[in-house]
Amino acid sequence: MRRKEAPFENTTGPDAGKTSRDARRTERTINYLRISVTDLCNYRCIYCMPSGRVRRLPHSEILSFEEIATVVRAAVPLGINKLRLTGGEPLVRKGVPKLVEMLARVPGIEEIYLTTNGSLLEKLALPLKRSGLTRINISLDSLRPDRYREITRGGDLEKLWRGIAAAEKAGFSPIKLNVVMIKGINDDEIEEIAALTFDRSYEIRFIEYMPLGPCDVSAQFVHVPAEEIKRRLAKLGALMPLPKWNSSGPAERFQLQGARGTLGFISAMSHNFCATCNRIRLTADGRLLSCLFSGQTVEVKSLLRSSAPPSRLKEAIQLAISLKPAARASTCRNFMNTIGG
């Protein structure tokens with residue numbers, strides 16, 4: 001009898017070929033699936049995408065909404081109850097509110113989040129809310145229009161603020177603003193960005209830059225440690241620690257004395273939180289990743305497009321979960337837009 005091969009693909013990378021033996025030493029609950037709905041983005045952020053020509057996935061290689069929903073339905077019995085839609089920029093794909101509606105109907109799914117650059121949010125915030133989206137994270141790497149345009153390679157800060165206003169009007173709360181801090185690029189705005197929380201109920205999330213992509217690109221940028229950011233913020237007042245929320249993920253949460261909003265710190269480089277990581281990722285072309293920095297993927301598109309029984313898809317998802325490493329590799333050769341963040 002011919003043995004069935006697992007839908008396992010060992011991609012290139014420093015961890016390619018490792019077994020999951022070490023991963024099983026760390027007990028953790030995996031309940032969070034991040035779904036890249038597209039590899040495309042209308043921005044070209046300097047730390048996220050290369051400056052030259054970007055290879056686009058053929059349309060036929062992208063999972064359909066129905067295929068994404070099939071993966072989600074198979075993942076729920078394995079413990080997945082929280083989803084995040086990412087890209088690229090997820091809102092450049094037409095019909096994302098429809099996808100949200102489809103996923104919100106899946107029994108067992110409790111929360112659906114979306115991460116966006118905010119450029120298309122002005123028109124889509126209300127449809128997304130009505131479709132069942134729980135929360136929005138919006139990228140904001142600078143408060144200066146010229147610098148914002150440089151970092152995003154063409155982004156419009158005014159359009160972003162209109163998108164944020166539309167999200168507030170639609171009833172999203174709290175709105176999380178993600179700030180990737182990079183030495184010499186935007187770290188002179190730390191205090192100015194944090195000060196937004198005095199008047200607005202945002203959660204500003206300072207994220208340490210992670211070296212994603214080929215070394216000749218990623219090595220150009222240096223992260224700003226969260227502890228350094230906290231020291232800088234002392235001039236604004238006392239930082240009061242807050243309890244973690246279920247939706248706060250790896251973020252440490254604080255509040256400046258007298259502020260309406262809050263601050264979050266995601267210390268991906270200076271503090272290894274792999275032991276408590278609760279997520280796996282589904283790429284736009286149908287691969288499951290247990291870790292951003294892992295060279296191992298589990299391919300599921302072929303299962304979705306064949307007569308494979310649902311049990312095989314469930315086995316593939318379980319395999320991806322079992323492959324979660326106890327610690328990350330030092331580098332990731334894939335750009336963020338190809339793996340969903």
Task: Side-chain donor or acceptor of D39 paired with backbone N/O of L57 under 3.5 Å - done: yes
Open item on the list: I'd like to know if the side chain of S36 reaches the main chain of G87, judged simply by a donor and an acceptor atom lying under 3.5 Å from each other, with no hydrogens or angles considered.
Closed with: yes
Open item on the list: Could you tell me if the side chain of L120 sits less than 4.5 Å from the side chain of N117, heavy atoms only?
Closed with: no
Open item on the list: Please report the interatomic distance OH(Y43) to SG(C48), rounded to the nearest 0.5 Å.
Closed with: 13.0 Å
Open item on the list: For residues L304 and L103: do they belong to one hydrophobic cluster (side chain heavy atoms under 4.5 Å, members Ile, Leu, Val, Met, Phe, Trp, Tyr)?
Closed with: yes
Open item on the list: For a quick test of reading the model, state the closest non-hydrogen atom pair linking L157 to L143 and the distance between them.
Closed with: CD2-O, 3.3 Å
- [ ] State the NE2-OG1 distance between H59 and T38, to the nearest 0.5 angstrom.
- [x] 10.0 Å
Open item on the list: Out of the candidates N137, I35, I112, L33, only one should pair with R84 under the side chain to side chain contact (heavy atoms under 4.5 Å, CB included) rule; please name it.
Closed with: N137
TODO: State whether F65 and K98 meet the cation-pi test: NZ (Lys) or CZ (Arg) under 6.0 Å from the six-membered ring centroid, and within 45° of the perpendicular axis.
DONE: no
Open item on the list: Any heavy-atom pair between the side chains of M210 and H223 that's under 4.5 Å?
Closed with: no
- [ ] Step by step, work out the side chain to side chain donor-acceptor pair (under 3.5 Å) result for T116 and E89.
- [x] CA-CA 6 Å; T116 174; E89 166 51 44; 2.8 Å; yes
Open item on the list: Please check this pair: side chain of N42 against backbone of S119, looking for a donor-acceptor N/O pair closer than 3.5 Å.
Closed with: no
Task: Sub-6.0 Å ring centroid separation between Y47 and F221 - done: no
Open item on the list: Between K324 (side chain only) and R279 (backbone N and O only), is there a donor and an acceptor less than 3.5 Å apart?
Closed with: yes
TODO: Decide yes or no for L256 and F198: does some side-chain heavy atom of the first lie under 4.5 Å from some side-chain heavy atom of the second?
DONE: yes
Task: Presence of salt bridge, K183 and D188, under 4.0 angstrom - done: no
TODO: Please check if L196 and L263 belong to a single hydrophobic cluster, counting links between Ile, Leu, Val, Met, Phe, Trp and Tyr side chain heavy atoms closer than 4.5 Å.
DONE: yes
TODO: Give a yes or no on whether the backbone of E110 and the side-chain of N81 come within a donor-acceptor separation of less than 3.5 Å.
DONE: no
Open item on the list: I'd like to check I229 versus M181 (side-chain heavy atoms, cut-off strictly below 4.5 Å). Are they in contact?
Closed with: yes
Task: Close side-chain approach of F206 to K230, heavy-atom, < 4.5 Å - done: no
Open item on the list: Quick check: is V106 connected to L282 through a chain of hydrophobic side chains (ILVMFWY, heavy atoms under 4.5 Å apart)?
Closed with: yes
Task: Side-chain touch S142/E189, heavy atoms, less than 4.5 angstrom - done: yes
Open item on the list: To the closest 0.5 Å, what do you measure between CD1 (I280) and OG (S290)?
Closed with: 8.5 Å
TODO: Hey, could you give me the CD/NZ distance between E111 and K82, rounded to the nearest 0.5 Å?
DONE: 6.0 Å
Open item on the list: Working to the nearest 0.5 angstrom, can you tell me the gap between R147 CZ and T152 OG1?
Closed with: 12.5 Å
Task: Min side-chain heavy-atom separation K314-L78 under 4.5 Å - done: yes
Task: Salt-bridge contact R231-E227 (side-chain N to carboxylate O under 4.0 Å) - done: no
TODO: For side chain to side chain donor-acceptor pair (under 3.5 Å), just list the numbers for T262 and E203, CA-CA rounded to whole Å, side-chain angles, deciding distance to a tenth of an Å, and then say yes or no.
DONE: CA-CA 5 Å; T262 59; E203 178 167 315; 3.2 Å; yes
TODO: Nearest 0.5 Å please: distance from the CD1 atom of I182 over to the CD1 atom of I151.
DONE: 7.0 Å
Open item on the list: Tell me whether E122 is salt-bridged to K169, with the criterion being a basic N under 4.0 Å from an acidic carboxylate O.
Closed with: no
Task: Closest heavy-atom pair and its distance - I62, V37 - done: CG2-O, 3.9 Å
Open item on the list: Could you go through W161 and L140, starting from their C-alpha distance and side-chain angles, then the distance that decides it, and tell me whether this counts as side-chain contact (heavy atoms from CB on, under 4.5 Å)?
Closed with: CA-CA 10 Å; W161 283 115; L140 174 68; 4.2 Å; yes
TODO: For the pair E67 and K301, find out whether any cationic side-chain nitrogen is under 4.0 Å from an anionic carboxylate oxygen.
DONE: no
- [ ] Indicate, with yes or no, if L126 and I138 share a hydrophobic cluster defined by side-chain heavy-atom contacts under 4.5 Å among Ile, Leu, Val, Met, Phe, Trp and Tyr.
- [x] no
TODO: In plain terms, say whether E315 and R312 are close enough for a salt bridge, that is, a side-chain N and a carboxylate O under 4.0 Å apart.
DONE: yes
